[in-house]
Visitor: 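Next up is a structure, given as structure tokens.
In the text below, chain A, chain B and the rest are named by the order of the sequence lines, each starting its count at 1.
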Protein chains: 2
Amino acid sequence: MAERGGPDAVVLREATRRAGVTPNAAYRHFADRGALLRAVSDVCQGRAADTMEQHVDSVIGASSSVDAVGDAAGDAVCDAAVDARAMLRAVGTGYLAFARDEPGLFRTAFSVPDQLANSFDTAKAGAAGRTPFQILSAALDAWAAAGILPPERRANAELYAWSAVHGLGMLVIDGPLRGLSAQMIDGATARVLDMVERGL
Amino acid sequence: MAERGGPDAVVLREATRRAGVTPNAAYRHFADRGALLRAVSDVCQGRAADTMEQHVDSVIGASSSVDAVGDAAGDAVCDAAVDARAMLRAVGTGYLAFARDEPGLFRTAFSVPDQLANSFDTAKAGAAGRTPFQILSAALDAWAAAGILPPERRANAELYAWSAVHGLGMLVIDGPLRGLSAQMIDGATARVLDMVERGL
DNA sequence: ATGGTATGTGTACAATGTAAACAATTGCAC
DNA sequence: GTGCAATTGTTTACATTGTACACATACCAT
């Protein structure tokens, strides 16, 4: 239901109908519709994490193989920086790919009020066990380790990178940027990630 | 109704109740609930524009008076750059101030699917006649004119700056960043704007 | 005067969330 | 094994919402 229709479409009675039970049976499992929606939202965040991991993995794999083929041992630092940048971009593109491929799930994932403290809740984790926030966090740790993110800027950097990418996602799927061509969206994605890379 | 409760709270029957007419009278003015919501959304964008103009004006006023007092004629270019940066920051802080002060209106303003082409619709304009998009656009024009935004990066720059600020707004008001202290939010706002300034 | 347009009313129906009381099933203690 | 308590589901009921259809009224122009 969330997949097509977003959060507003996740409806208690329809859920029970699909489950083959009467409407009120739902109240044995969820306090109210809000609780159901929160549970669905958590699952959606897990799905987002899956897409992000997938993008990160593909980049890591590619980068490693290239490293293995033609490199001397001198520029390990440079490699770390290149890898860190690629990883953060993969996190961003994965996030936005999820938004574009599954707009209903994306909107459901982030349409329910939450607290930053819950960003580590395992209920929001993907198959790999990490939540979207943790995936982003790891990419920024890699930046810091590679020395391309000054320590004084590391604090809360998740929020700033996240804001940029999340904003683009929202504007694209149900904001004023909807209906842009795929190329336009690809371009905007690249440019927003450029901005984040330069600006973090 | 939008003010407290956001888009979900703008309800057709309640509106007619407050207007003192029967529910179906609404259908003489709006095709359906969606049309009503779109109209409300436009008004909300106008309110956002008002807040943004207000922030921009206060900055322009301050900057001009400083200029008038103690300057030779040499660094007009520098002044233009300083002004342009201040203006863009004011646009961003205004946008986020609106999100924080009127979260219901903010969510209503941007929760209805729209097209970029409609971003100039006068229905979305504030008292000064400009829509939020146009206000942002003007600030970026000032950047370009001051020479601090390379021409090849000017195209669609609205989208990138907007994404960053919009994302922070969404995360703060009903995303995982809700409940952050006012200082935290102020800090995050400043840092996101730093990122935009460096990254555009 | 008359006819058309704008606006509002009355009645009606389907869908939703949710409360309260009741029933069936399950698991465990004795 | 028996009985009790927790778990899960059902039935009935109600308020609220969006919306369709037919009907009424007021006003304005010809």
Visitor: Over how many whole Å does the gap from A/Glu14 atom CD to C/dA14 atom C1' extend?
Guide: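 Taking atom C1' of C/dA14 as the reference, CD of A/Glu14 is at 14 Å.
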
Visitor: Can you tell whether the side chains of A/Asp101 and A/Arg47 come within less than 4.0 Å, N to carboxylate O?
Guide: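 No.
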
Visitor: With a non-hydrogen cut-off below 4.0 angstrom, is A/Arg33 in contact with a base, only sugar-phosphate, or nothing?
Guide: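 Since only primed, P, OP1 and OP2 atoms lie under 4.0 Å of A/Arg33, the category is sugar-phosphate.
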
Visitor: Quickly work out the A/Asn24 CG to D/dT7 P distance and round it to whole Å.
Guide: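 Atom CG in A/Asn24 sits about 18 Å away from atom P in D/dT7.
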
Visitor: Between B/Tyr95 and B/His55, does any side-chain donor sit less than 3.5 Å from a side-chain acceptor?
Guide: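 No donor-acceptor contact under 3.5 Å links the two side chains.
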
Visitor: Please test B/Thr189 against B/Leu168 for side chain to side chain contact (heavy atoms under 4.5 Å, CB included), starting from the C-alpha separation and ending with a verdict.
Guide: CA-CA 8 Å; B/Thr189 301; B/Leu168 182 59; 3.9 Å; yes

Visitor: Measure distances between side-chain N and O atoms of A/Asp32 and base N and O atoms of C/dG17, and say whether any donor-acceptor pair falls under 3.5 Å.
Guide: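 Checked by distance alone, the answer is no.
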
Visitor: Of the candidate nucleotides C/dG10, D/dT11, C/dT18, which contains the atom at the shortest distance from the side chain of B/Thr22?
Guide: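 Closest of the options to the side chain of B/Thr22: C/dG10.
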
Visitor: Between A/Leu36 (CG) and C/dT16 (P), how many Å, whole number?
Guide: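 Those two atoms, CG and P, are 13 Å apart.
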
Visitor: What is the distance, to the nearest angstrom, from the CZ atom on A/Arg28 to the P atom on C/dA20?
Guide: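 Distance check: A/Arg28 CZ to C/dA20 P gives 12 Å.
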
Visitor: Just the rounded figure in Å: distance from C1' of D/dT16 to CE of B/Met1.
Guide: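 So the CE-C1' distance, B/Met1 to D/dT16, works out to 13 Å.
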
Visitor: Specify whether B/Phe106 and B/His166 have parallel, tilted or perpendicular ring planes, treating 30° as the upper limit for parallel and 60° as the lower limit for perpendicular.
Guide: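 Answer is tilted, since the angle falls between 30° and 60°.
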
Visitor: Rounding to a whole Å, what distance do you find between B/Arg17:CZ and D/dT16:P?
Guide: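 After rounding, the reported distance stands at 7 Å.
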
Visitor: Taking for each residue the nucleotide of DNA chain C with the nearest heavy atom, is it B/Gly20 or B/Arg13 whose nucleotide lies nearer the 5' end?
Guide: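 Here B/Gly20 is the residue nearer the 5' end.
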
Visitor: Calculate the interatomic distance between A/His29 atom NE2 and C/dT18 atom P; express it in whole Å.
Guide: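 Distance check: A/His29 NE2 to C/dT18 P gives 16 Å.
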
Visitor: For the pair made of OH in A/Tyr27 and P in D/dA6, what is the distance, rounded to whole Å?
Guide: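 Checked: the OH to P distance equals 23 Å.
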
